Protein chains: 2
Amino acid sequence: METKRLALEIAKNHLQLRGYNGFSFQDIADELGIRKASLHYYFASKEDLGLALIEDYSNSFQEWTQKHAELDSLEKIKKFIDMYSTFSQDGLKVCPGGVFCIDYNTLPPNLKKTVCQLQEQIQEWLTKAVAEGIKSKSIRPTLKPKETATLIHATTQGALQIARMQNNPKAMKSTSLALLSLLEK
Amino acid sequence: METKRLALEIAKNHLQLRGYNGFSFQDIADELGIRKASLHYYFASKEDLGLALIEDYSNSFQEWTQKHAELDSLEKIKKFIDMYSTFSQDGLKVCPGGVFCIDYNTLPPNLKKTVCQLQEQIQEWLTKAVAEGIKSKSIRPTLKPKETATLIHATTQGALQIARMQNNPKAMKSTSLALLSLLEK
DNA sequence: GTCTATAGGGAGATAGAC
DNA sequence: GTCTATCTCCCTATAGAC
């Protein structure tokens, strides 16, 4: 099972660096030092690998939210930005949501559905955090919680991508914090 | 030359719907009703096609800016959002910048460079528009022009992508206008 | 300009040996 | 679990006829 974990980690790197249609079983096998046919022992198809990737991201995010459950709402959002920012700092990666979105129309139906669920999971967490923030008067009530959550989500996702093109790993964080400064009360 | 134009239009659609690594010469040829080999008469390689695409986007944007040069700065930015919003309304397309960003690390060097130039072109136009807006006191001076431009750019790009996953062509515009409401004085 | 034919490579995937 | 061998399909790209 160790090999499966390693393969998933390698696949995550490739995904966030080159897109879903930008890497192959061969790439993973090479890095892992095994033959690509052997990978089919763990993942019957590339769709299966994709599903496993999403599940992994989803579980990581779930764990992450539990770890930060006790924080003040504004701090939660700052930590969220931090998490995304680590992608950028790790070789100018982008977030999985952005990747799967671009390749979305090339994905098999099951994968599409799962990708959407991951986006919703993040969206819902952000919405709750924002609603808390409005309640505790740390976030302006100008926009509705859901609207603000979408705005944060869109900005962080876009900022990761812009940062890559600008070859500037630090840009993502400052762009996102700029938005936050406008949202803070 | 008419065939070349048609091929470019078809390629643009595929690019914004399926990503750079998500379509092939075959796809364009099928839609055009010719053989894929014939496409190489117009575009020697896929890289060449990519370069032609970027050039086309860049020229279109250049024309677009000239058409809107006389507008008030805030109106300019609203029109910019409108333009991006038409992508979303046209089959949940995303912007070329977002597409090329995800596939960025799989691109040949020349294409990479050209993609970056397109991003800079947009960025510079936005920065000027924001600077004007701050001068004429229609935009808050809280953030620097360049910072605000990047924020708008990241948000509009991300909002297009989120809108696709939410299967909601109208979401892009409302998310972007939400940001604008925070920036307005 | 567009065609047929084809080269050459890489993709995902499977069968069966070890 | 991992291997070799192989299948099928699709990709970009080229040569040369029409």
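On a predicted model such as this, the values are computed, not experimentally measured, just so you know. Residue numbers start from 1 in every chain, and the chains themselves are labelled A, B, ... in the order their sequence lines are given, proteins ahead of strands.
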Should A:W64 and A:K79 count as side-chain neighbours, where that means a heavy-atom distance under 4.5 Å?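 Heavy-atom side-chain distance check passes, below 4.5 Å.
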
Is there a side-chain contact between A:I122 and A:F80 (heavy atoms, below 4.5 Å)?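 A:I122 reaches A:F80 side chain to side chain.
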
Do any N or O atoms of the protein come closer than 3.5 Å to N or O atoms of nucleotides 1-3 of chain C, and which pairs are they?
from: C:dT2; atom 1: OP1; to: B:T3; atom 2: OG1; distance (Å): 3.4
from: C:dT2; atom 1: OP2; to: B:Y42; atom 2: OH; distance (Å): 2.4
from: C:dC3; atom 1: OP2; to: B:R35; atom 2: N; distance (Å): 2.6
from: C:dC3; atom 1: OP2; to: B:S38; atom 2: OG; distance (Å): 2.8

Between [X] and [Y]: side-chain donor-acceptor atoms closer than 3.5 Å:
X	Y	answer
B:Y57	B:Q62	no
A:Q161	B:Q161	yes
B:S58	B:Q121	yes

In this structure, how many angstroms lie between the [atom2] atom of [N] and the [atom1] atom of [X], rounded?
X	N	atom1	atom2	value
B:L39	D:dA13	CG	C1'	12 Å
B:L111	D:dT12	CG	C1'	15 Å
A:N21	D:dC10	CG	C1'	13 Å

Measuring from A:Y104:OH to A:Y20:OH, what's the distance to the nearest 0.5 Å?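 If I round to the nearest 0.5 Å, the distance is 13.5 Å.
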
Could you go step by step and tell me if B:K128 and B:E132 meet the salt bridge (Lys or Arg N to Asp or Glu O under 4.0 Å) rule? CA-CA 6 Å; B:K128 275 186 196 159; B:E132 275 174 43; over 6 Å; no

Under 3.5 Å, sequence neighbours excluded: what are the donor-acceptor pairs made by side chains of residues 175-185 of chain B?
from: B:T175; atom 1: OG1; to: B:A171; atom 2: O; distance (Å): 3.0
from: B:S176; atom 1: OG; to: B:M172; atom 2: O; distance (Å): 2.9
from: B:S181; atom 1: OG; to: B:A178; atom 2: O; distance (Å): 2.6

Are OP1 or OP2 of D:dC11 and a side-chain N or O of B:S24 less than 4.0 angstrom apart?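 B:S24 to D:dC11 OP1/OP2: side-chain N or O found under 4.0 Å.
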
For the helix from C:dG1-D:dC18 to C:dC18-D:dG1, measure the angle between the helix axis at one end and the axis at the other, each built from five pairs, rounding to 10°.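 Answer rounded to 10°: the end axes differ by 0°.
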
